[in-house]
Amino acid sequence: MNDILEFNEIYQEAKGTWNDGRLRFSKQTVVYKNSKTGKLDSIPVPELTQAQWRRVCLGHGIKLCTSTGNIYKYDGFKDTDLEKISEYFKANYKVELIEKDMCVKGWNWGTAKFNGPLLSFEVNDSPAFEIPLASVSQCATGKNEVTVEFHQNDDTEVSLMEVRFYVPPTTGDEGSDPVEAFVQNILSKADVIQATGDAVCIFRELQCLTPRGRYDIRIYPTFLHLHGKTFDYKIPYTTVLRLFLLPHKDQRQMFFVISLDPPIKQGQTRYHFLILLFSKEEDISLTLNMNEDEVERRFEGKLHKNMSGSLYEMVSRVMKALVNRKITVPGNFQGHSGAQCITCSYKASSGLLYPLERGFIYVHKPPVHLRFEEISCVNFARGTTTTRSFDFEIETKQGNQYTFSSIEREEYGKLFDFVNAKKLSIKNRGFKEGMKGNDNMYSDSDDDQHDAYLERMKEEGKIREEANDSDDSEGESDESFNPGEEDDEIAEEYDSKASASESSADDGDSDGDRKKKPAKKAKFVKERKPRKKEKKAKDSSAPKRPMSAYMLWLNSSRDRIKSENPGISVTEISKKAGEMWKQLGKEKKEEWDVKAEEAKKEYDRAMREYKERGGGSSVSSKKERKKKGGKNEEKKKRKSGGGREKEKERATGNDSFKSREFISSEESSSESDKGKGRKRKGSDDEEEVVSTPPSSEESGSD
């Protein structure tokens, strides 16, 4: 026979809810671990006195009784487990597993028996139901009637809040009232806080972050009393799960965190953590309200009647002794700045994330504690707003996700090594290990296998550029503007339709204007600068550009995303689609790549047919005429500028620069310009204004 028996998905009732966990039977102890809270129930084998096997709502259950008066009930066993557990108990515990039937008659008249922490209502010596007295919050009496009230559980949709018992009006053997005797039996084991007696010690005006404010903390033997200006809270020590002592990043303050289950309540607000903030420089001298013998007998040297030291040390020391739980402190983790925590943001607030030896804790708004055993995987994600930070995502086995954002990139190496050392599952392990130690790990890269959306967008941009190039049949773009190259383009355009004499005149003008070239260039740039880009005319009959694989997938998935996320906005659809596309498998993406390639081939075939039919020529001619008009206007400005230079030269008597060839070419150019102006006047009045040289040039050439 095995030395250990283990069972998963075993349930324990706690205040009206079933909490699942793991139960282990060993030769020394019986251990149950709650999966939700991580709380351990350890039962030493020598204390076991009785074990019962019962049929319950969740299959079969075991009820264990101990010599100390405690009772433990665990449900969720199968019928086939009875023989195995019974043999194990006989061999190792020397306890017989007794089968006990429950009463299912539905009678409401029976006998109430108090068995340790349980109130058992029995009918014909068979239990009908049992009430854990620890769940009782209050007990009230009436005439022959007892009302039992229970703690409210926020984790349940429906809670049992009250049960009333009718007690017959008969006196007991000692002449006492049976109603009062019934109430006293309940209150002796009930979780009812009664502030009787003096406090062990009092801490005045402590700063509390949650719930926010300053409170006087009164330490009683069984509970903690927070007394503030507005609210009072009474916290039984049985509800304390864990204690944390965490140093602040500034090394001048300390956090003392108390984890509670169930939480303290204020209206509709629930506080699962009590967080106190202390200054390291604040000291206190403490005297316990007990004599020295009582202190030594009760706390066994953990506390003394007179103590002094830092305030946070005194509070943590007293709480550790009374609650009887260890205090958790940060382990050997050290961040980039040498602190034992990492500055980050959770939801809308900034706080500190502490990597512990067995989990993570975030303080302070809202506080979050995550144990390693409830973590499914972690993920290192690129920051959403800047490349100087990254996000640390934690997914739990229950499906919840916690994102700690705005972590400095310098903390990445330390945090990654810590997570790796704790053997947590890293979602993007392959990528991050390859990028470990790389300073440019957050920069945009085409090789980033986790940013497939960026690659698809770049491919789509290339397809659009190719389509734009195919639309411009002349290979020219009227959107480009290069001031240094504009003069050469104008000269070529004008000379192609002019006579040889005109080209020689233009050469003469250009030779004379070289000395003024810098000023002329500056003037030209200044005039063209405010002009807006002309919107290209589109041909409605032209084939539409093909979509990329991502856009094809998005169009087919948009309705599904809307149905799964009602009320989602357009921008949120794009963001959600990008995340879904990243998580899409390689085979699925290849299917859409094939469809995109087919669409690209179909587009190329349609574009060839479109050009063969003469498509795009009308658009190109309109562009050419518009461009030609603009260039002729610039030519006119150049010539007018050249005429003014010649007038200036005559006025100063600078005839030494005029040779016979220069004069003859200028005269022939002016005559040609006059003839050209008359010819264009007959064909088009508008073009006469653009192409006819100004009168100043004519007077200069006579």
**Student:** Any donor and acceptor pair, going by atom type alone, linking the side chain of Lys397 with main-chain N or O of Glu373 inside 3.5 Å?
**Tutor:**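 Yes, Lys397 side chain to Glu373 backbone: donor-acceptor pair under 3.5 Å.
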**Student:** Under a plain distance cut-off of 3.5 Å, with no hydrogens placed, do Gln12 and Asp41 share a side-chain donor-acceptor pair?
**Tutor:**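 Short answer, yes.
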**Student:** Does any part of the side chain of Met102, heavy atoms only, come nearer than 4.5 Å to the side chain of Arg54, both counted from C-beta?
**Tutor:**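 Yes; the side chains approach each other to less than 4.5 Å.
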**Student:** With ring centroids as reference points, do Phe223 and Tyr237 lie under 6.0 angstrom apart?
**Tutor:**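 No, too far apart.
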**Student:** Do the two ring centres, one from Tyr354 and one from Tyr362, sit under 6.0 Å apart?
**Tutor:**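 No: the rings miss the under 6.0 Å criterion.
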**Student:** Hey, is the main chain of Glu292 close enough, under 3.5 Å, to the side chain of Lys305 for a donor-acceptor pair?
**Tutor:**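 Answer holds: no.
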**Student:** Consider side chain to side chain contact (heavy atoms under 4.5 Å, CB included). Of Phe256, Phe278, Tyr312, which one does Leu206 pass it with?
**Tutor:**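 That would be Phe278; it is the only one of Phe256, Phe278, Tyr312 passing the side chain to side chain contact (heavy atoms under 4.5 Å, CB included) with Leu206.
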**Student:** Can you classify the ring geometry of Phe418 versus Phe333 as parallel (below 30°), tilted (30 to 60°) or perpendicular (above 60°)?
**Tutor:**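 Judged by the thresholds at 30° and 60°, the geometry between Phe418 and Phe333 is perpendicular.
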**Student:** Hey, do the aromatic rings of Phe360 and Tyr402 have their centres closer than 6.0 Å?
**Tutor:**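 So the answer is no for these two rings.
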**Student:** Tell me whether the centres of the aromatic rings in Tyr32 and Tyr11 are closer together than 6.0 Å.
**Tutor:**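 Ring centroids of Tyr32 and Tyr11 are no less than 6.0 Å from each other.
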**Student:** Check whether the side chains of Thr403 and Ser405 place a donor and an acceptor atom closer than 3.5 Å, and report yes or no.
**Tutor:**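 Their side chains do not contain a donor-acceptor pair, so the 3.5 Å distance test is not met.
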**Student:** Taking atom types as modelled, find out whether Ser120 and Asn115 have a side-chain donor-acceptor pair closer than 3.5 angstrom.
**Tutor:**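 Absent: no donor and acceptor within the cut-off.
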**Student:** Tell me whether the centres of the aromatic rings in Tyr233 and His225 are closer together than 6.0 Å.
**Tutor:**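 When the ring centroids of Tyr233 and His225 are compared, they turn out to be at least 6.0 Å apart.
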**Student:** Is atom CD of Glu180 surrounded by more than 12 heavy atoms (other residues, nucleotides or ligands) closer than 6.0 Å?
**Tutor:**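 Result for CD/Glu180: enclosed.
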**Student:** Verify whether one side chain among Asp216 and His227 offers a donor that lies under 3.5 Å from an acceptor in the other.
**Tutor:**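 Result is no, nothing qualifies.
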**Student:** Assess whether atom CD of Glu83 is packed by more than 12 heavy atoms of other residues, nucleotides or ligands within 6.0 Å.
**Tutor:**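 It does not: Glu83 CD has 12 such atoms or fewer within range.
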**Student:** Is Glu281 atom CD crowded by more than 12 heavy atoms from other residues, nucleotides or ligands, each under 6.0 Å away?
**Tutor:**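 At most 12 heavy atoms, drawn from other residues, nucleotides or ligands, come within 6.0 Å of this atom.
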**Student:** Examine distances only and state if a side-chain atom of Asn400 and a backbone atom of Thr396 form a donor-acceptor pair shorter than 3.5 Å.
**Tutor:**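 No; zero donor-acceptor contacts below 3.5 Å.
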**Student:** For the salt bridge (Lys or Arg N to Asp or Glu O under 4.0 Å) test, which of Arg371, Lys422, Lys326 pairs with Glu357?
**Tutor:**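 Only match with Glu357 under salt bridge (Lys or Arg N to Asp or Glu O under 4.0 Å): Lys422.
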**Student:** Has the side chain of Thr287 got a donor or acceptor atom that lies under 3.5 Å from a matching backbone atom of Asn306?
**Tutor:**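 Checking the backbone N and O of Asn306 against the side chain of Thr287, no donor-acceptor pair under 3.5 Å is found.
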**Student:** Taking the side chain as every heavy atom from C-beta outward, state whether Pro247 and Gln340 have any atom pair closer than 4.5 Å.
**Tutor:**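 Result yes, sub-4.5 Å side-chain heavy-atom pair found.
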**Student:** Hey, is the main chain of Lys33 close enough, under 3.5 Å, to the side chain of Arg24 for a donor-acceptor pair?
**Tutor:**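 The answer is no, because no donor-acceptor pair under 3.5 Å joins these two groups.
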**Student:** Looking at the rings of His369 and Phe244, which for Trp means the six-membered one, are their centres under 6.0 Å apart?
**Tutor:**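 They qualify: ring centres under 6.0 Å apart.
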**Student:** More than 12 heavy atoms of other residues, nucleotides or ligands under 6.0 Å from CZ of Arg214: yes or no?
**Tutor:**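 Above 12, so yes.
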**Student:** Looking only at side chains, do Lys249 and Thr343 share a donor and an acceptor under 3.5 Å apart?
**Tutor:**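 Side chains of Lys249 and Thr343: pair found under 3.5 Å.
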**Student:** Assign the ring pair Phe392 / Phe380 to parallel, tilted or perpendicular, where the plane angle (0 to 90°) is split at 30° and 60°.
**Tutor:**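 Ring orientation, 0 to 90° scale: tilted.
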